[in-house]
Protein chains: 2
Amino acid sequence: MTAKPFYEDESGQLHKGEALSVLANLPDASVDALITDPPYSSGGMVRGDRAGSTGKKYISSDSGNQALPDFSGDSRDQRSYGYWCALWLAEALRVVRPGGVALLFTDWRQLPATSDALQAGGWIWRGIVPWYKPIARPMPDRFTASCEYVVWGSRGPMPVEMVAGAKTLPGFYQANPPRERDHQTQKPLDVMAKLVRITAAGGTVLDPFAGSGTTLRAAKDEGYRWIGVEREEAYCEVIAKRLAQDTLFGGVA
Amino acid sequence: MTAKPFYEDESGQLHKGEALSVLANLPDASVDALITDPPYSSGGMVRGDRAGSTGKKYISSDSGNQALPDFSGDSRDQRSYGYWCALWLAEALRVVRPGGVALLFTDWRQLPATSDALQAGGWIWRGIVPWYKPIARPMPDRFTASCEYVVWGSRGPMPVEMVAGAKTLPGFYQANPPRERDHQTQKPLDVMAKLVRITAAGGTVLDPFAGSGTTLRAAKDEGYRWIGVEREEAYCEVIAKRLAQDTLFGGVA
DNA sequence: CCTCTCGATGAATCCATCT
DNA sequence: AAGATGGATTCATCGAGAG
């Protein structure tokens, strides 16, 4: 990397900038896992529903969370969302080592487009991991949309190592979103801490849409190196603050 | 229907035959819900099945997937599965009343193809409901595939009835597969009993791939009328036997 | 300290109304 | 006429505060 990181410590670096251009400057096969939550561009079937601010789209009218900054890049239609994902996923494929993995958060609307984009970007699609949020808002006379999903895959083959230390990861996670958040779509730290364990021991985790930095914080807590990218300055500052904090809970159970 | 049912009682009928031809003989808008588990292992995944069908060149869906490169080595299988699903889903659309619903079981590999097929068949895609099976075979160094999924939608709009009795259905179900099974992919009766409640009170449930008849049994237990279709005589007999039994648990909690 | 009640809230969704 | 806006609805869960 030529540009100076926005923040760094002994275990990783945060870059402020566009995901695609920062990815283009990262060396080949330099990380072990891509774990990220791209802006879904969901929240409405018609273009106009997506065009609003993220606060309006994702927050119920009586909520008090309007103070959170909007996150940009959330107004694509489904086809351009898939195309855009394929673009940066192809670049990320180069950056991840062969045998490394990709984990992408998505909601139900974008799940098929996301799995297509993963494969269009050159990854081998390997599965879906639901994240169940018990407190999702109910809907009369229909099924509540109470899950988000992690679509995951690998760069090429993932040879199964029948070694004694092989870890098995659950195919399902249950947790509520954090009650106090720095970002509209912040993930629970304990869920992220479990998910990052897909990464090989001592490896590096890459999150090109770092948001409030939960993935990076979880990676650091679990003993991995980390590389983050975030476009919005306000979130860069949140991330730097969260990563600079000591954690009493390193290696969350 | 002209043909005599294989089995019937006061609440429903089982027809022995091919799903598509039996569906073609059902009257318009005569049922309230299509709830089924199409055979994804035998309905197009096998080489011989593909060789026997012609004209399976294009899947007409609006998801923009056609131009994407090879999907995980199985794309031909998935596409012909999707095409076949779109065929009978279009016929089923006619049979379900406007505002009625469709629930399709699928595994993670076929989930995108199933949601495309649902839409190609003319349905409005409305969501994904995971079914989590805690007992699943662990895979070293990767996420366990421990969920199946219900892809659901409706025939046209589903107006929200702002009545007091509006029921909200959970967006997630957890249960292990039944320990003793009549069918390879038999679903837990209590999960099916909860899912069929999406059907309007007093309505009719249609399952064109009835298998061991769990959907039909659950529908009957929950007080609905039911119509089943099954190709294999051996399973028709299993279904007839299960439906003829009294249940001590009518209206499962 | 435990139990109970009350209130707040969520990557939701639909629909009438307004622009 | 199509798109944007705001109100109303659903309930499991959690925190605060009372008893």
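Chain letters run A, B, ... following the sequence lines, proteins first, then strands; residues in each count from 1.
The distance between atom CG of A/Asn176 and atom C1' of C/dA8, rounded to the nearest whole Å, is 14 Å. Per the geometry, CH2 belonging to A/Trp108 stands 21 Å off P belonging to C/dG10, to the nearest Å. Atom P of nucleotide C/dA12 and atom OH of A/Tyr40 are separated by 11 Å, given to the nearest angstrom. Across the protein-nucleic acid pair, A/Arg179 atom CZ and C/dG7 atom P stand 16 Å apart, rounded to whole Å. If you measure from atom OH of A/Tyr81 to atom P of C/dA11, you get 16 Å, rounded to the nearest angstrom. The CE-P distance, from B/Met158 to C/dC14, rounds to 9 Å in whole Å. Note: CZ (A/Arg137) to C1' (C/dA8) measures 11 Å, nearest angstrom. Atom CD of A/Glu180 is separated from atom P of C/dG10 by 12 Å (rounded to the nearest Å).
Within a 6.0 Å sphere centred on NZ of A/Lys167, heavy atoms belonging to other residues, nucleotides or ligands number more than 12.
Toward the 5' end of DNA chain C, the nearer of the two residues A/Glu148 and A/Arg142, judged by each one's closest nucleotide, is A/Glu148. Both A/Pro138 and A/Gln174 lie near DNA chain D, and the one whose nearest nucleotide falls closer to the 5' end is A/Pro138. The residue among B/Arg126 and A/Lys187 whose nearest nucleotide of DNA chain C lies closer to the 5′ end is A/Lys187. When each of A/Met139 and A/Pro134 is assigned the nucleotide of DNA chain D bearing its nearest heavy atom, the one mapping closer to the 5' terminus is A/Met139.
As the counterpart of C/dT3, D/dA18 is assigned, both hydrogen-bonding distances of the Watson-Crick or G-U wobble pattern falling under 3.5 Å. Shown here, D/dA4 forms a base pair with C/dT17; the pair counts as Watson-Crick or G-U wobble because both key distances fall under 3.5 Å.
Comparing C/dC14, D/dC11, D/dA12 by their closest approach to the side chain of A/Ile135 singles out D/dA12.
In this structure, B/Lys187 satisfies the cation-pi test against B/Phe105, with its NZ or CZ atom closer than 6.0 Å to the six-membered ring centre and inside 45 degrees of the ring normal.
A donor and an acceptor atom sit less than 3.5 Å apart, one in the side chain of A/Asp37 and one in the base of C/dA11.
Among the protein residues, A/Pro38 comes within range of the nucleic acid bases, having at least one heavy atom under 4.0 Å from a base atom.
Under 4.0 angstrom from either OP1 or OP2 of C/dG10 there lies at least one side-chain N or O belonging to A/Arg181. Note on A/Lys133: a side-chain N or O is less than 4.0 Å away from OP1 or OP2 of C/dA11. Contact annotation: A/Arg109 reaches the phosphate of C/dT13 (side-chain N/O to OP1 or OP2, under 4.0 Å).
A donor atom on one side chain and an acceptor atom on the other are found under 3.5 Å apart for A/Asp207 and A/Thr36. A donor and an acceptor atom, one from each side chain of B/Trp226 and B/Ser11, are located under 3.5 Å apart.
Spacing of C1' atoms, C/dT9 relative to D/dT10, comes out at 13 Å, to the nearest Å.
Relative ring orientation between A/Phe172 and B/Phe172 is described as parallel, the plane-to-plane angle staying below 30° on a 0-90° scale split at 30° and 60°. Ring planes of A/Tyr81 and A/Trp84: tilted class, angle from 30 to 60°.
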